[in-house]
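Step one of this worksheet: look at the structure below.
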Amino acid sequence: MRQHIIYLLAAGLCLAACQSKPADETSPKPAAPANVAAKVGPVSITEQEVNDRLALVDEDDREFAQTPIGRQNFINILVREKLSELAAKEAGVDSSDTYLSALEDKRNQLKEIYDDFAKQTLVRLWEQQLEDSGKLAVSDEEISDYYKKYPYEMTIKQIIISNAQTADQVLRTLKGSPSRWKEMERQYSVSPQMARGKEFSFMPGEFLPEIEVIAANSASGSVQGFIKTAQGFHIIMKTKEKRLSLKDAAPRIRAILQAQKEDAVLNSLKNKYEVAVYEKNE
């Protein structure tokens, strides 16, 4: 669309500059229907359609289209599109299998987008309602009590492996030779490439509980595992631990406690809705 706009608007400037004769002002001009910018056979291009399409182009093209020449050429673009649409329909393209299949694919894609938006909006409004009710409220006292128990942040790196047998072999290797970490990660990790080699820092309550417990009870530099989660089998190395100030920790603790309260609400609903999770055999 943008290339067509630039080309045709520029062409309009050239045509205007090359005109050697003024328009014949005595020639009869068709009366313009109200709110209609152009007609192509039985199809009207309304002023609203012009404005809606202008909103989709970039600022420079939109600014030029406000001039008489720019507007005329922009409308000519829409006329060309209408001509193409009419010709395509007359040629029967709109009843071809290829066209109908493309429409069906797009319809399904848009339905998925709509359904996903509907679910997200429903959950977001419910969470807002839950928050407004005060059920997720966290007091300064709760934050202080949590900080007394967990005033620290841990940092780990991990290798995630798809099966228990391989995880056991890799763990034995790293227990004996921690320096081979990168080699083992490169060879066996099923983590996305962008996540490999990265370290993860978290307070208790911010990461996977199974890993948090192991990390909290490990010395820095030690290799631990393997730990089964929904992601796979984890081998971790704790790289450091540091104490946080209450000022730095407070916003994170508030988020942790809010999440825990929301989890409690959701857990209370499991019996009501009879939740059952079926695990596949390894």
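The basis for the numbers below is simple: all heavy atoms, side chains too, and nothing from hydrogens, waters or symmetry mates.
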Check for me, please, whether Ile227 and Ile156 land in the same ILVMFWY cluster - side-chain distances under 4.5 Å, paths through other members count. yes
Taking distance alone, no hydrogens or angles, what donor-acceptor pairs closer than 3.5 Å link side-chain atoms of residues 121-132 to residues at least two apart or in another chain?
unit_1: Thr121; atom_1: OG1; unit_2: Phe117; atom_2: O; d: 2.8
unit_1: Gln128; atom_1: NE2; unit_2: Asp132; atom_2: OD1; d: 2.9

Trp181 to Ile236 - nearest heavy-atom pair and separation: CH2-C, 3.8 Å
Nearest 0.5 angstrom please: Phe200 CZ to Glu206 CD, how far? 13.5 Å
Met203-Leu246 co-clustered via ILVMFWY side chain contacts under 4.5 Å: yes
On a heavy-atom basis, which atom in Val36 and which in Ala38 lie closest, and how many Å separate them? CG1-O, 3.3 Å
Test item: Ser84 side-chain N/O and Arg80 main-chain N/O as donor-acceptor pair under 3.5 Å: yes
For Lys148, which residues count as a side-chain hydrogen bond (donor to acceptor under 3.5 Å, both in side chains) partner, sequence neighbours excluded? none
Of Gln260, Arg254, Gln258, the one forming a side chain to side chain contact (heavy atoms under 4.5 Å, CB included) with Ile256 is Gln260
Judged by atom type as modelled, is there a donor-acceptor pair below 3.5 Å linking the side chain of Lys238 to the main-chain atoms of Ala215? yes
So CG of Asp140 and CG of Asp145: to nearest 0.5 Å the spacing works out to 11.0 Å
Pair Arg172 + Asp168: basic N to acidic O under 4.0 Å: yes
Which heavy atom of Thr155 sits nearest a heavy atom of Ser201, and at what distance? OG1-OG, 2.8 Å
May I ask you to check whether Lys106 and Gln109 show a side-chain donor-acceptor distance below 3.5 Å? yes
Identify the two heavy atoms, one from Glu185 and one from Gln158, that lie closest to each other, and give their separation to 0.1 Å. OE2-O, 3.8 Å
Listed by chain and number, what are the side-chain hydrogen bond (donor to acceptor under 3.5 Å, both in side chains) partners of Lys240, not counting sequence neighbours? none
Would you check if Leu257 and Tyr146 make a side-chain contact, meaning some heavy-atom pair closer than 4.5 Å? yes
Report yes or no: do Val265 and Val138 belong to one cluster of Ile/Leu/Val/Met/Phe/Trp/Tyr joined by side chain heavy-atom distances under 4.5 Å? no
For the pair Ile159 and Leu174, evaluate side chain to side chain contact (heavy atoms under 4.5 Å, CB included) and give the outcome as yes or no after the intermediate values. CA-CA 11 Å; Ile159 298 174; Leu174 290 174; 4.0 Å; yes
Electrostatic pair Asp115:Lys119 at N-O distance under 4.0 angstrom: no
Using only atom types and a distance under 3.5 Å, with no angle test, would you say the side chain of Lys175 pairs donor to acceptor with the backbone of Val223? yes
Straight-line distance of Lys182 NZ to Arg180 CZ, nearest 0.5 Å: 15.0 Å
Please report the C-alpha distance between Gln72 and Asn76 in whole Å, then the side-chain angles of each, then the deciding distance to 0.1 Å, and finally whether the side chain to side chain contact (heavy atoms under 4.5 Å, CB included) criterion is met. CA-CA 6 Å; Gln72 180 181 353; Asn76 283 339; 4.1 Å; yes
Determine, step by step, whether Leu244 and Lys242 satisfy the side chain to side chain contact (heavy atoms under 4.5 Å, CB included) criterion, reporting the C-alpha distance in whole Å, the side-chain angles of both residues, the deciding distance to 0.1 Å, and the verdict. CA-CA 6 Å; Leu244 300 171; Lys242 69 175 182 179; 3.9 Å; yes
side-chain hydrogen bond (donor to acceptor under 3.5 Å, both in side chains) against Asp52, all qualifying residues, sequence neighbours excluded: Gln48
Please say yes or no: joined through hydrophobic side-chain contacts below 4.5 Å, possibly via intermediate residues, are Leu83 and Leu78 part of one cluster? yes
Would Thr46 and Asn35 satisfy side chain to side chain contact (heavy atoms under 4.5 Å, CB included), going step by step from the backbone distance to the final call? CA-CA 6 Å; Thr46 65; Asn35 300 318; 5.7 Å; no
Counting only heavy atoms not in Tyr152, do more than 12 fall under 6.0 Å of its OH? yes
Whether the side chain of Glu212 engages the backbone of Gly205 through a donor-acceptor N/O pair (distance < 3.5 Å, no angle test) should be reported. yes
Return yes if some donor-acceptor pair links the side-chain N/O of Lys82 with the main-chain N/O of Val40 below 3.5 Å, else return no. no
Looking at Ser222 and Ala219, would you say the former's side chain and the latter's main chain have a donor-acceptor pair under 3.5 Å? yes
Which pair of heavy atoms, one from Phe233 and one from Ala164, lies closest together, and at what distance? CE1-N, 3.5 Å
Linked, directly or transitively: Val43 and Ile75 (ILVMFWY side chains, under 4.5 Å): yes
About how many Å separate CD1 of Ile235 and CG of Leu171, when rounded to the nearest 0.5 Å? 5.0 Å
Could you state the interatomic distance from CG (Leu266) to NZ (Lys261), rounded to the nearest 0.5 Å? 14.5 Å
Among pairs that include at least one residue of residues 85-104, which meet salt bridge (charged side-chain N to carboxylate O under 4.0 Å, His left out), considering only residues two or more places apart or in two chains? Glu104-Arg107
Quick one: list whatever passes ring pair (Phe, Tyr, Trp, His ring centres under 6.0 Å) with Phe202, sequence neighbours left out. Phe207
May I ask you to decide if Gly92's main-chain N or O and Ser96's side chain share a donor-acceptor pair within less than 3.5 Å? no
For the CG atom of Leu56 and the CG atom of Asn51, what is their distance to the nearest 0.5 Å? 11.0 Å
Side chain of Arg62, backbone of Val57: donor and acceptor closer than 3.5 Å? yes
Under a 3.5 Å distance rule, please check whether Glu142 uses its side chain to pair with a backbone N or O of Ser139 as donor and acceptor. yes
